[in-house]
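Beneath this line is the structure, given in structure tokens, with notes to follow.
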Number of protein chains: 2
Amino acid sequence: MDAVKRIEQTLSTAIEQTLTASVAQASGAGCPSRLAAALRYAVFPGGARLRPQLTLAVACACSEEHPAIADSAAAAIELLHCGSLVHDDLPCFDDAPIRRGKASLHSAFGERLAVLVGDALIVMAFETLVRGCAAAPHRLAALITILGRGAGCPAGIIAGQAWECEPVAPLAEYQRAKTGALFAAATMAGAAAAGAEPGPWRTLGEKLGEAYQVADDIRDVASDEAELGKPVGRDAILGRPSAAREMGLDGAIAHLNKLIAEAIASIPECSGAAGLRAVIEMQTQRFLPASLAKRAAA
Amino acid sequence: MDAVKRIEQTLSTAIEQTLTASVAQASGAGCPSRLAAALRYAVFPGGARLRPQLTLAVACACSEEHPAIADSAAAAIELLHCGSLVHDDLPCFDDAPIRRGKASLHSAFGERLAVLVGDALIVMAFETLVRGCAAAPHRLAALITILGRGAGCPAGIIAGQAWECEPVAPLAEYQRAKTGALFAAATMAGAAAAGAEPGPWRTLGEKLGEAYQVADDIRDVASDEAELGKPVGRDAILGRPSAAREMGLDGAIAHLNKLIAEAIASIPECSGAAGLRAVIEMQTQRFLPASLAKRAAA
């Protein structure tokens, strides 16, 4: 196994362990049993866990001394992400029957538990941060501020989703909030967890978020459901802004590659910059499924 | 104006100011305009603001030295409460057309914004705490833990609402989570904001929460819509557990009075206990509308 793959596996283990502890805590004594089952269903098995891996990779690159803080920040970011997926899939939004290759949460547990699970995951994110910061409580305020900004209003993922309720949604602002905000929170939280200045890490997250959104738009027009784990062609049906439809497939792929290059170029100077670059290159190679990645490389 | 009324007005001004600042922050630059309008609509004008008044009254009784912390804790509790009302009113739960005497949020802004506003208010609660604790960041972790427990899982108001999704819901556990948990968070947060030990303040909140829930059940069977500001008779229609239906109206009123007496008797020793008792007596007198309060006093 090469070094980068090894790093990735270590990060992955830390993320799953912290998420497991958070879900166990939330579904402890007194929790209604269907709610507990639905919480587990929303978090496990996960998707690519891109955002929390990014948090941990940045924290490592900034030489963090308290792994528990970075682990909790990473898990908190993922809990917010899982919560947003559950709510985005609701009948009033995407009405998505499938997510991560299985029935969406409201399809499996009903709409009411889907609303409550999304709510609970937001609360759990902040509780997870508190537990992780026990050894260094002076880092807590900055991390909550970063996560709150990435998740909430005026320009986090909740606000991003709300652009779909406006008569006109400017594409750049919509994507920056809907996807970029939580990626930016992921990189900034990684830095803050390690005691580094978070500001310089915003661009990396924003560019990766934008790239991920473009890749998502491309997959939606050019992938198939088996590859994607959810239905394709939804953006057109839902009338959502889409880079792939605006720029055409080749234009969108070129734009994606440019964004990834800009992301990597923006990495601030730090002791572990080389390792971080390698992790990000590996992650972004998986943004597109194999059939499209070939076209991107051509 | 008597002293207690004066205290109540002072508390009320502090609560509205902090809520105004939180909503202004969340609907700042970049916020989609319908989301911003819906956030204001969910928070203003408020209901009785019972929970945040309780937080401030307890903080005063514990001689708090940083009013900003108590104000932020009170506002955070109210934001969580407002968020839960918006989600509880959704078509998949109560399908309530009216709330606080005006159209419910989803009736006025649509279901999608109602989901997002509820989410945003949870995030805003934690952001508000961070801002309030700027002068004493060592109080932040305890406050987040208290609020998280009151709001989330396994036994906060979200879990309480989830009991409605179980085949069998034990009445005591359901009410303790659905209503008691946030009242307990309100009193405990007041103590923690003032640097006092929160544990001894749990009973006061739990008893008041239980009393409030019993009063709510009584109002639902014996009030009219104009008095209540929302439709009556919903518990029976929705098949929800109800003290008034289980104990009969007079039994429920006797139970309510007993709970209020137990709440007041549980107030821990502190410098401002007498003032706090007076505020709580005034608040609980308003739990039932005038027509029922007479019957309760008889």
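The sequence lines fix the lettering, A, B, ..., with proteins before strands; numbering per chain opens at 1.
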Please report all inter-chain donor-acceptor pairs (under 3.5 Å) between chain B and chain A, with distances to 0.1 Å.
unit_1	atom_1	unit_2	atom_2	d
S33(B)	N	E166(A)	OE2	3.2
S33(B)	OG	E166(A)	OE1	3.2
R34(B)	N	E166(A)	OE2	2.6
R34(B)	NH1	C165(A)	O	3.0
H87(B)	ND1	D119(A)	OD1	3.1
H87(B)	ND1	D119(A)	OD2	2.7
R112(B)	NH1	E164(A)	O	3.4
R112(B)	NH2	E164(A)	O	3.3
D119(B)	OD1	H87(A)	ND1	3.1
D119(B)	OD2	H87(A)	ND1	2.7
E164(B)	O	R112(A)	NH1	3.4
E164(B)	O	R112(A)	NH2	3.3
C165(B)	O	R34(A)	NH1	3.0
E166(B)	OE1	S33(A)	OG	3.2
E166(B)	OE2	S33(A)	N	3.2
E166(B)	OE2	R34(A)	N	2.6

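- In this structure, the portion of A29(B) lying under 4.5 Å from any heavy atom of chain A is its backbone and not its side chain.
- In plain terms, the two heavy atoms of C165(A) and L116(B) that are nearest each other are SG-CD1, 4.4 Å.
- Partners of A42(A) according to the side-chain contact (heavy atoms from CB on, under 4.5 Å) rule, which considers only residues two or more places apart in sequence or in another chain, are V86(A), L105(A), V117(A), L121(A).
- With values rounded to the nearest 0.5 angstrom, L140(B) atom CG is found 4.5 Å from I144(A) atom CD1.
- Only the side chain of L39(B) comes within contact range of chain A, with heavy atoms under 4.5 Å apart.
- The two residues A151(A) and V123(B) make their nearest non-hydrogen contact at CB-CG2, 4.2 Å.
- Ranked by heavy-atom pairs under 4.5 Å with chain B, the list G30(A), A36(A), P32(A), C31(A) is led by P32(A).
- Closest approach of A120(A) and C153(B) over heavy atoms only: CB-SG, 3.6 Å.
- Pairing each heavy atom of L35(B) with each of A162(A), the nearest pair is CD2-CB, 3.7 Å.
- Across all non-hydrogen atoms, the minimal contact from G28(B) to P154(A) is O-CB, 3.3 Å.
- Within the 4.5 Å cutoff, the side chain of F126(B) has no heavy atoms near those of the V130(A) side chain.
- Looking at L90(A), the atoms closer than 4.5 Å to chain B (heavy atoms on both sides) all sit in the side chain, from C-beta outward.
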